[in-house]
Peer 1: 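Below is the structure I would like to discuss, written out as structure tokens.
Lettering follows sequence order; numbering is per chain, from 1.
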Amino acid sequence: MSTDDAVPVPPPRHFIHDIVDEHNQSGRFGGRVHTRFPPEPNGYLHIGHAKSICLNFGLAKYFDGKCNLRFDDTNPTKEDQEYVDAIMDDVRWLGFEWDGLYYASDFFEQLYQYAEQLIQKGLAYVDSSPVETIRAQRGSLTEAGKHSADRDRSVEENLALFRRMKAGEFPDGKYVLRAKIDMAHPNMNMRDPLLYRIRHAEHHRTGDTWCLYPLYDFTHGYCDSLEGITHSICTLEFENHRPLYDWFIDVLGLFHPQQIEFARLNLTYTVMSKRKLLELVEAGTVRGWDDPRMPTIAGIRRRGYTPEGMRAFCETIGVTKFNGLTDLSVLESAIRADLNKRAPRYMGVINPLKVVLTNFPEGHVEYTDAVNNPEDPSQGTRQLPFSRELYIEHDDFMENPPKQFFRLAPGREVRLRWGFLITCQEAVKDAAGKVIELRCTYDPATKGGNAPDNRKVKSTIHWVSAAHAVPAEVRLYDKLFNIENVADIPDDKDWKDYLNPASESTVTAQLEPALADKPAGFQCQFERLGYFCVDKDTTKDRPVFNRTVTLKDEWAKLQKKS
RNA sequence: UACCCCGUAGUGUAACGGUAGCACAACAGAUUUUGGUUCUGUUUGUCAUGGUUCGAAUCCAUGCGGGGUAACCA
């Protein structure tokens, strides 16, 4: 539409671009840029992963390089094909396609060979110490650790034992393989880290081929190296692991990727912890991994967030090493900006109040034309039935309105969007004094909402014709937590006590007839209320809509102030 | 009281020794058949103290503050 849409905006740069530039200038990787997104298939991806995905795939695109998808599947007891499938769906939904597809388990044989090489170099040993001993001997943040009794086992003995571990001669936990580095190292990761543990468990890909599995630290860097990854992007908590990965690579003289750490995304009023999210799912607090309140990619997709909006959001928040907390409003603003351009407008009344037009002929239906999207004329118009009995929003009427209230009130005239101008004559109340119906008159000369005498009305409100209205279940979503920073919850408190009990509320709305048969996933704006989408629970008899995000609401803001 | 990382408006992020800018939020106004959108304007900032320099958000030192790290998890 506007001309500046045509001007391609380069993605914002950040410190990782600078690092890659330096590598390209020095020729460290021969000008090659190859990143990877390495999730563990033990849960669903969330918005934090979206940041990482946009970063890794974005970097590859920016530098005309490649980006792999690699599943870090080294813990057979926690991983599952269900998660693998969901993760691939999510990456594609975000708009990315991987170059190479790998699993850490693809490299199990090679990893095993590396382990034997370490043993042969005298850099790894088989330890029979029980878990508690290993833990105790590790020392603390301020004290050096102690050597294991098995630390000086001979190469031959280590090799023989390790091969017997592989052959399945020992039960779980009997032995582990450890690197031989430095038990007094100030970096805890260097204190003879564990490399392999025995697990007689079925792996989702390798089945029962293996009964010993490599640990993440041992696996991760080698996989990056084997895939030819040039820049191993990861989050800040792995900063202390970098010296260990470097050690693994260098002692075997392998291709050496550059690890670069960035700050993970934290958002107000939600959690990014897979463990906590899993707990919500398992406790039934939410409808599942794809509950629209969940910060999972599956959740926000069901909620109606768009990939374009998510990518724009990821560009906005930038990439740094500062561990901050991003305002949810930044995300919502990105989603609104995207939906505003594209979502067709419809009318739906969420909290219906009946209006009877006393001077409108009974049984008569008048059709008016409505613009589908004022932001995009190419979306055309549709016809709206108008009749004697209507629904308007309860919140659009006040019997004793304050000065700032522009909407309907006794004696006041407003415009019904794309309909007629109406004037409120009387508010009908029930025994309790609650307004249950409005008796209004309409001006037949104002069809479409234009007054021939050009008189002004203070407000335009949405409505639906009662006889034509489609009742629908509408799920209104709000923030998951009541507390801005979930990390601030004290350890002695239960984080679940801070969940927002009103994060979902369900109402029966009355929608304009055009909304009757929309398929799951359909997105639109309910005028003046927000963006909504059809939920997968929808049926022919009862449409179900989710509120993706509200519109900005000046009136709500004014109310809050007073 | 170990090691590593990080401190720029309320929040997030630019400025690569040379005018502290952008987004979101907030506030004020204009436009508007959505109290939406759009447009205009305003408020608010370099953690502190020294040093180097003609010149420091940027380099150095010290201090202060925040985060991470002691799973046979990733």
Side-chain angles (χ1 to χ4, degrees), chain A residues 2 12-15 18 38-40 42-43 72-75 77-79 104 127 130-131 134-135 138-145 172-173 175-178 185-191 194-199 212-213 215-217 219-220 234-243 261 263 265 268 274-275 315-334 336-337 340-341 345 347 370-371 374-375 404-407 415-419 421 448-450 457-462 484 487 525-530 550-558:
Chain A
S2 66
R13 286 179 55 96
H14 46 71
F15 77 101
D18 297 340
E40 182 191 14
N42 70 339
D72 261 319
D73 55 350
T74 57
N75 187 351
T77 60
K78 288 190 177 168
E79 291 141 11
D127 195 343
V131 196
I134 291 178
R135 208 171 286 161
R138 188 143 33 215
S140 74
L141 295 176
T142 51
E143 295 163 279
D172 289 5
Y175 290 106
V176 291
L177 185 72
R178 300 178 70 177
H185 200 107
N187 182 342
M188 300 292 291
N189 296 120
M190 303 298 272
R191 319 245 263 230
L194 273 60
L195 272 28
Y196 272 90
R197 77 293 219 191
I198 299 172
R199 281 268 186 290
L212 78 176
Y213 291 92
L215 278 107
Y216 175 83
D217 277 346
T219 308
H220 192 76
C234 65
T235 44
L236 253 26
E237 69 269 27
F238 293 105
E239 224 156 18
N240 294 331
H241 297 237
R242 176 155 34 95
E261 308 86 11
L265 170 67
T268 56
K274 270 193 196 175
R275 202 202 84 236
E315 287 197 354
T316 304
I317 58 176
V319 178
T320 65
K321 299 188 73 148
F322 178 72
N323 202 316
L325 181 64
T326 298
D327 249 73
L328 185 60
S329 66
V330 180
L331 210 207
E332 294 192 330
S333 157
R336 282 194 196 103
N340 176 53
K341 287 180 296 182
R345 273 61 167 171
M347 289 196 284
V371 171
E375 300 293 315
Q404 294 160 312
F405 186 83
F406 308 152
R407 283 108 94 144
R415 174 186 296 111
L416 296 180
R417 178 96 155 144
W418 311 123
L421 267 47
N450 300 302
V457 289
K458 283 181 87 172
S459 131
T460 299
I461 64 174
H462 60 275
E484 192 171 59
Q525 181 190 111
F526 290 0
E527 294 222 27
R528 306 206 306 133
L529 295 178
T550 61
L551 255 31
K552 284 209 273 185
D553 190 344
E554 202 68 31
W555 169 238
K557 212 189 281 180
L558 284 169

Peer 1: Applying a 4.0 Å non-hydrogen cut-off, can you work out what A/Arg138 is touching in the nucleic acid: base, sugar-phosphate, or nothing?
Peer 2: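 Contact class for A/Arg138: sugar-phosphate only.
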Peer 1: Closer to the 5' end of RNA chain B via nearest nucleotide, is it A/Arg415 or A/Ile317?
Peer 2: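 With A/Arg415 and A/Ile317 compared, the 5'-side residue is A/Ile317.
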Peer 1: Identify the nucleotide, in any strand shown, that forms a Watson-Crick or G-U wobble pair with B/U31, with both distances under 3.5 Å; if there is none, say none.
Peer 2: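 For B/U31, the partner nucleotide comes out as none, under the 3.5 Å rule.
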Peer 1: Check the phosphate of B/C73 against A/Arg199, side-chain N and O only, distance under 4.0 Å to OP1 or OP2. Yes or no?
Peer 2: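 True: A/Arg199 side-chain N/O within range (under 4.0 Å) of B/C73 OP1/OP2.
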Peer 1: Starting the side chain at C-beta, find the nucleotide from B/U13, B/G36, B/U69 nearest to A/Met188.
Peer 2: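 Looking only at heavy atoms from C-beta outward on A/Met188, the closest nucleotide is B/U69.
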Peer 1: So does A/Thr74 get a side-chain nitrogen or oxygen closer than 4.0 Å to the phosphate oxygens (OP1/OP2) of B/A74?
Peer 2: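 Answer is yes, contact under 4.0 Å.
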Peer 1: Rounded to whole angstroms, how far apart are CZ on A/Arg191 and P on B/C3?
Peer 2: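 Computing the A/Arg191:CZ to B/C3:P distance gives 12 Å.
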Peer 1: What does B/U69 pair with, Watson-Crick or G-U, if both distances are under 3.5 Å?
Peer 2: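 Result: B/A2.
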Peer 1: Is A/Thr320 close enough to B/U13 that one of its side-chain N or O atoms is under 4.0 Å from OP1 or OP2 there?
Peer 2: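 Yes, within the criterion.
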Peer 1: Between A/Asp18 and A/Lys557, who's closer to the 5' end of RNA chain B by nearest nucleotide?
Peer 2: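 Closest to the 5' end, via its nearest nucleotide, is A/Asp18.
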Peer 1: Any strand is fair game: report the nucleotide pairing with B/A23 by Watson-Crick or G-U wobble, both distances under 3.5 Å, or none.
Peer 2: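 Base-paired to B/U11.
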Peer 1: Does a side-chain N or O from A/Arg528 land closer than 4.0 Å to OP1 or OP2 of B/U37, or not?
Peer 2: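 For B/U37, OP1/OP2 do not have a side-chain N/O of A/Arg528 under 4.0 Å.
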Peer 1: Counting side-chain heavy atoms from CB outward, which of B/C72, B/G67, B/G68 is closest to A/Asn240?
Peer 2: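 Nearest to the side chain of A/Asn240 among the choices is B/G68.
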Peer 1: Distance check needed: B/U38 C1' versus A/Lys341 NZ, whole Å only.
Peer 2: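 Taking NZ of A/Lys341 and C1' of B/U38, I get 14 Å after rounding.
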Peer 1: Counting only distance, no hydrogens or angles, is the base of B/U38 paired donor-acceptor with the side chain of A/Glu375 under 3.5 Å?
Peer 2: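 Per atom types, no contact qualifies.
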Peer 1: My understanding is that a pair needs two contacts under 3.5 Å, Watson-Crick or G-U wobble. By that rule, which nucleotide pairs with B/U49?
Peer 2: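 Pairing partner: B/A61.
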Peer 1: Apply the test salt bridge (Lys or Arg N to Asp or Glu O under 4.0 Å) to residues A/Lys78 and A/Glu40: give CA-CA distance (whole Å), side-chain angles for both, the deciding distance (0.1 Å), then the verdict.
Peer 2: CA-CA 9 Å; A/Lys78 288 190 177 168; A/Glu40 182 191 14; over 6 Å; no
Peer 1: Quick one: is B/U37 close enough that its OP1 or OP2 comes under 4.0 Å of any side-chain N or O from A/Lys552?
Peer 2: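 A/Lys552 to B/U37 OP1/OP2: side-chain N or O found under 4.0 Å.
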Peer 1: Taking only side-chain N and O atoms of A/Arg345, does any of them lie within less than 4.0 angstrom of OP1 or OP2 on B/G36?
Peer 2: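 Answer no for this pair, as no side-chain N or O of A/Arg345 is under 4.0 Å from OP1 or OP2.
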